[in-house]
Q: 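Just passing along the structure, written as structure tokens.
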Amino acid sequence: MNIARALTIAGSDSGGGAGIQADLKTFQELDVFGMSVITAVTAQNTQEVKSVHPVPVEGVEEQLQAIADDIHVDAVKTGMLYDEERICVIAEQIKKAGWKKVVVDPVMVATTGMSLFQKRALSALIEYMVPLATILTPNIPEAEVLTDRKIETLDDRKEAARQLVDMGAKSVIIKGGHQAEGEHVIDVFYDGESYHTFERPRVETTNTHGTGCTFASAIAANLAQGKEIFQAVEEGKAFIHTAIEHALDVGHGHGPTNHAAWRFQGK
Ligand SMILES: Nc1ncnc2c1ncn2[C@@H]1O[C@H](COP(=O)(O)OP(=O)(O)O)[C@@H](O)[C@H]1O
Ligand SMILES: Cc1ncc(COP(=O)(O)O)c(N)n1
């Protein structure tokens with residue numbers, strides 16, 4: 001039986017709600033075969049990131065090579081890349097392997113507050129990863145860091161999205177979870193030609209651990225299945241919204257989204 005294949009290159013979240021764990025659950029729910037390259041192991045739960053243990057660079061390189069040597073990859077999603085050394089190795093391998101559909105989620109800070117990214121790696125992220133992105137998926141604080149501008153209004157989001165496309169991303173979605181507009185959350189998509197806003201009622205919940213990882217992975221799974229970028233984002237948005245509507249009371253802090261909600265709803 002043939003199946004679409006997606007690869008996540010990200011950090012491990014021992015708590016299971018974000019990172020590699022969220023990505024693989026999402027791939028599985030969307031009928032895509034999931035693979036993983038782990039960049040760092042975090043000791044993390046719904047309340048905090050206790051520690052971060054980067055995987056040695058050779059370990060990252062060898063995981064990438066092992067996959068490239070043997071398995072066709074339809075789409076890639078990147079999350080926590082941690083530092084410049086790892087970014088360089090990963091960008092190089094994505095180019096060398098000819099992996100063309102790439103969702104770049106520029107993970108910087110966990111919902112619970114700890115940095116998952118070394119600030120001095122910002123220029124490497126911009127130079128090496130942004131131009132590889134079929135779509136770049138920053139939240140508002142990440143978009144502010146990448147564009148070096150304050151984002152307060154919807155127009156600011158559109159301007160930032162345009163700037164990120166000018167920096168080399170083929171398309172961008174700036175996620176609005178950190179800046180609700182009244183009762184709504186608004187994500188701004190731009191593909192270099194036109195804008196589209198995805199608007200949903202804000203779900204009253206603190207269980208938002210892993211929302212960004214899950215959304216980016218749903219987009220990657222859809223791309224792996226051959227969908228065009230707009231459709232991949234539109235369906236990914238429906239997937240993440242359902243997962244947040246049915247978010248789980250797991251742990252004592254920010255609980256995870258419900259990756260299985262989509263399937264249980266028969267969608
Ligand atoms: N409370 C909420 N209600 C509905 N959608 C949300 C909520 N919080 C986040 N989202 C959505 O979840 C996705 C991830 O957004 P965001 O939380 O901004 O990113 P990140 O997890 O990377 O910080 C976006 O599509 C956003 O609109
Ligand atoms: C390993 C890892 N990767 C990414 C995130 C960000 O996820 P979120 O901002 O949705 O909590 C995280 N908390 N842990």
Side-chain angles (χ1 to χ4, degrees), residues 8-24 26 36-55 77-82 86 103-117 135-146 151 157 172-189 196-219 233-247 251 253-259 261:
T8 169
I9 305 173
S12 164
D13 169 9
S14 52
I20 289 282
Q21 288 77 2
D23 301 344
L24 291 176
T26 303
S36 61
V37 166
I38 301 185
T39 55
V41 174
T42 70
Q44 184 175 178
N45 56 28
T46 63
Q47 296 178 303
E48 61 179 325
V49 178
K50 290 177 187 288
S51 57
V52 173
H53 302 272
V55 169
K77 177 251 162 177
T78 67
M80 173 187 182
L81 301 183
Y82 186 62
R86 284 161 189 77
V103 180
V104 177
D105 186 21
V107 169
M108 294 182 187
V109 179
T111 306
T112 47
M114 185 164 173
S115 174
L116 301 172
F117 178 73
I135 183 162
L136 184 70
T137 65
N139 61 26
I140 288 175
E142 290 157 356
E144 288 185 328
V145 171
L146 288 165
I151 299 176
R157 285 185 214 179
V172 174
I173 186 157
I174 300 191
K175 301 169 294 187
H178 293 249
Q179 216 176 75
E181 300 280 317
E183 290 306 301
H184 290 87
V185 286
I186 303 177
D187 299 351
V188 173
F189 172 80
H196 184 86
T197 50
F198 291 94
E199 187 167 337
R200 290 287 192 290
R202 187 168 59 81
V203 179
E204 201 57 62
T205 179
T206 52
N207 295 336
T208 54
H209 180 65
T211 48
C213 305
T214 301
F215 187 26
S217 295
I219 296 172
V233 173
E234 198 170 38
E235 293 184 15
K237 179 67 191 173
F239 182 92
I240 184 58
H241 192 71
T242 307
I244 296 170
E245 280 180 318
H246 300 274
H254 291 282
T257 69
N258 186 345
H259 297 98

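In each ligand, atom 1 is the first atom listed, and ligand 1 is the first ligand listed. Computed from a predicted structure; not experimentally measured.
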Q: Could you check atom 10 (O) of ligand 2 against the protein and tell me its nearest heavy-atom contact, residue, atom and distance included?
A: Gly210 N, 2.9 Å
Q: When you measure from atom 11 (C) of ligand 1 to each heavy atom in Ile244, Ile240, Thr257, Val185, which option holds the nearest one?
A: Ile244
Q: Distance to 0.1 Å, residue and atom name: give those for the protein heavy atom nearest to atom 23 (O) of ligand 1.
A: His178 NE2, 2.6 Å
Q: Show your reasoning for whether salt bridge (Lys or Arg N to Asp or Glu O under 4.0 Å) applies to Arg202 and Glu204.
A: CA-CA 6 Å; Arg202 187 168 59 81; Glu204 201 57 62; 3.5 Å; yes
Q: Only heavy atoms count here, so choose which of Val109, Asp187, Ile186, Thr137 is nearest to atom 25 (O) of ligand 1.
A: Asp187
Q: State the atoms of ligand 2, each with its element, that fall below the 4.0 Å cut-off from a heavy-atom position in Val107.
A: 4 (C)
Q: Could you identify the single nearest non-hydrogen protein atom to atom 14 (N) of ligand 2 and state the distance to 0.1 Å?
A: Gln44 NE2, 3.2 Å
Q: I want to know if ligand 1 touches Thr205 in the polar sense, i.e. an N/O pair below 3.5 angstrom.
A: no
Q: Starting from atom 15 (O) of ligand 1, which protein heavy atom do you reach first, and at what distance in Å?
A: Lys175 CB, 3.7 Å
Q: Would you check the N or O atoms of Phe215, main chain and side chain alike, for any that come under 3.5 Å of an N or O of ligand 1?
A: no
Q: Distance to 0.1 Å, residue and atom name: give those for the protein heavy atom nearest to atom 8 (P) of ligand 2.
A: Thr111 OG1, 3.2 Å
Q: Check for me whether Arg202 has a heavy atom closer than 4.0 Å to any atom of ligand 1.
A: yes
Q: Give the residue, atom name and distance (to 0.1 Å) of the protein heavy atom nearest atom 18 (O) of ligand 1.
A: Gly177 N, 2.9 Å
Q: Checking contacts here: is it the side chain or the backbone of Lys237 that comes within 4.0 Å of ligand 1, counting heavy atoms only? Could be both or neither.
A: side chain
Q: For ligand 1, does Val203 get within less than 4.0 Å through its side chain, its backbone, both, or neither, judged by non-hydrogen atoms?
A: both
Q: Are any of the N or O atoms of Asp105 closer than 3.5 Å to those of ligand 1?
A: no
